[in-house]
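To keep things clear, I will list the structure first and then write my remarks on it.
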Amino acid sequence: MKTYGKILLTTLPLVIISLWVIVETTYYFSRTALVDLGETWLDTRLSEAQVIVSSQEKMLRDYGLSEIPASITKAQMDSMAGIADIGVGKQGFICIITRKGRIVFHPDNQQINTWIDDTAWFRDLLNGALRLQMQMGGQTVLARFTYFQPWDWYLLAVDPMQEIYGVADRMRPFLYAMAMIAAAIISLALMLMTRRLTRPLNDLVQGADRIGKGDLDTRIPVQSKDEFGHLATKFNQMTIQLQETLTALTQSHQELENRVAERTRNLTLMNQALNNEVLVRKQKEQELKKANQAKSEFLTNMSHEIRTPVNSVIGFSEVLSAMVSDSQQKNYLQAVIRAGRHLLALITDLLDLSKIEAGKIAIHVTPVSLPTLFQEIHDLFKVKLSRKHLTFSIHLDDLLPRYLLLDEMRLRQVLTNLVGNAFKFTESGQIRLSAKILNRPSTDTVDLMIRVRDTGIGISKDQQALIFESFEQGHKDITRKYGGTGLGLAISRQLVELMKGRIQVDSRPGFGSCFEIVLPGVIISRTGKQTQKAFDTVSLKMDRSVPAPVLSESLIQQAMDRHPDLEHQMFATIFPLLPGTQDGVKMSDAQTIADHFITLGREFELTAFTQFGQNLSDDVQAFDVENIAPSLARIAVLFQRIQEK
């Protein structure tokens, strides 16, 4: 096939496609322009309808009839009569729809009082769509609307798209005919031009073929001063430059080989130095790791060593406080007890921090009821709640599963710390503890988010990243006013990360803080409730030689159901001594509580009661405040929940 034939086969389809694109683009933009003109036309019709309705409503207000239903109805009927006279093209019309979706005016009387509230275009209308194209009466229509608030009306001006597109549709065949004629003319012109262009190309092709075979002495004759002549001149210049370049390349190749050899030697030396530096860094990392491990072991050992004498100081101080009658001496002893408890809390935080850094804390998941856990935390802070002008609310997602597999002890520790901080830094307002489901990755797992929100003093933006670091607090003034060591949030962050979650804060000074805990992929427990019930039932029937489990609400409730006199004796002897009914618990009160549990257990043959009382008595004798306080706090929560039923 000749060159001009190939050019025609290449360019002619492009010409035809270009003409088709031009026709279709012209048709499209003409339709778009007609739609815009149609909208302008419909807007003018709507303006006329708006004037009619507004004048009727203004007349009601001018004559003081705007509150009389009959007058309003009459004005609306007059408005409809006026709107009915407004023409909208040959097939268009204006209708009136209430905000609730009922058609109150339509040229077709069968459409009046019908409801269209379930249609998609009506929902778009309520959402304030700028343009409505919808199906009405079996055809596509364009609609513009306006809202008349006094009567709660939507005024719609409607015109069929077929009428709007009429001119463009009639022009389309003529445009195609003109495009076909233009394509034929362009084809003839291309055939004549390509024949003249291909003659000089033959000389260029032959010369290029000889140069391609290596004959760089070839020169192409220049027969004209047009582009082809200019191309032949440049072709000859290129041949000369190729000859010069080939000579230069031979010289450069040798120089490049010499440079590559030199760079290879340099890279070998650098690689050896880098390997030596890596070995040195690894040795330093090993030394730092050993030093960090030694630090953690030292903190752990020292925390254990210090905790025992501190427990003794607290215990003996409480015993001595019960024996001393002088008020000043009692104040001194109370100061010693408060300082000892503060020191014990600090030692506990240090021990937790050292365990986390040493990697000796493992996560143990069990079925956990978040409503129960949240209620226990609420009851734990009930005494503090009564001392401030605060409200403490709990909000749970309705879709929250009843039991989730979580580490209850660690989650309780984190939430107690966050809620405790909220109470510390909030003088008035509210504290909100909530949980909700963010996502369900599968049928057996959920992404859980827990929030602790308060209306306290807040945290500045530049301090929010620091509060999760060890021994860091928001500001020195906060430390002086509220106290604290800056370990609570650091421990909470690391515990949450051990549970494969994350914790973050959103806060503004003066507007409060919101701490969010996100735990992804939490497994839903299907057997938590049944397991707990079976456990409680077996506990009541255990042999005395077998150690009893920790007391639970259902276990105590079942014991009271079997022994009616048990409830009266518990609330008469034990309940008044528990935390919540008084500010703190003395060692003597803890021993009395233990004696009452032992007595009730023996009287009613309840092994769990007897064992709990004996364990509590052993802790009192050893002055083990760390075990006594949580045990009594849990029993206080259980008694309060039983009493509220």
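Please read these numbers as outputs of a predicted model, since none were measured by experiment.
At distances below 3.5 Å, at least one donor-acceptor pair connects side-chain atoms of S507 with backbone N or O atoms of I459. Here the side chain of D407 pairs no donor or acceptor atom with the backbone of V365 at under 3.5 angstrom. No donor-acceptor pair under 3.5 Å is formed between the side chain of D506 and the backbone N or O of C514. At distances below 3.5 Å, not a single donor-acceptor pair connects side-chain atoms of D454 with backbone N or O atoms of T426.
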Requested in this report: May I have the step-by-step check of ring pair (Phe, Tyr, Trp, His ring centres under 6.0 Å) for F571 and F639, ending in yes or no?
Outcome: CA-CA 8 Å; F571 282 96; F639 272 50; 5.5 Å; yes
Report task. Output, in order, the C-alpha distance, side-chain angles, deciding distance and verdict of side-chain contact (heavy atoms from CB on, under 4.5 Å) for M570 and F609. Result -> CA-CA 11 Å; M570 283 195 305; F609 279 48; 3.6 Å; yes
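Within the 4.5 Å cutoff, no side-chain heavy atoms of L498 are placed close to those of R410. Contact annotation: the side chain of L519 never approaches that of V446 to less than 4.5 Å [non-hydrogen atoms, C-beta and beyond]. Under the 4.5 Å side-chain criterion, counting only non-hydrogen atoms from C-beta, D444 is not in contact with I524. Annotation: side chain of F392 is in contact with side chain of V419 (closest heavy-atom distance under 4.5 Å). Residues R432 and V452 form no side-chain contact, since every pair of their non-hydrogen atoms from C-beta on lies 4.5 Å or further apart.
Among residues two or more places apart in sequence or in another chain, the side-chain contact (heavy atoms from CB on, under 4.5 Å) test is passed with P371 by S369, L396. The ring-ring contact (aromatic ring centres under 6.0 Å, His included) check on F511 picks up nothing, with sequence neighbours excluded. The side-chain contact (heavy atoms from CB on, under 4.5 Å) test applied to N421 returns N417, K424, F425, L489, not counting sequence neighbours. Shown here are the side-chain hydrogen bond (donor to acceptor under 3.5 Å, both in side chains) partners of T610, two or more places apart in sequence or in another chain: there are none. In this structure E516 satisfies the salt bridge (charged side-chain N to carboxylate O under 4.0 Å, His left out) test together with R451, sequence neighbours excluded.
Using modelled atom types and a 3.5 Å distance limit, the side chains of N276 and Q272 yield no donor-acceptor pair. With hydrogens and angles left out, the side-chain atoms of Q569 and D565 include no donor and acceptor closer than 3.5 Å. Looking at S393 and H395, their side chains do bring a donor and an acceptor atom within 3.5 Å of each other.
What you find for I394 and H378 is that their closest heavy atoms are CD1-CB, 3.8 Å.
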Check residues 590-601 and write down every donor-acceptor pair under 3.5 Å in which the side-chain atom is one partner and the other belongs to a residue at least two apart or another chain.
from	atom 1	to	atom 2	distance (Å)
Q591	OE1	Q621	NE2	3.2
Q591	NE2	D595	OD1	3.0
Q591	NE2	S617	OG	3.3
T592	OG1	S588	O	2.9
T599	OG1	D595	O	2.9

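Remark: L400 CG is packed, more than 12 non-hydrogen atoms of other residues, nucleotides or ligands lying under 6.0 Å away.
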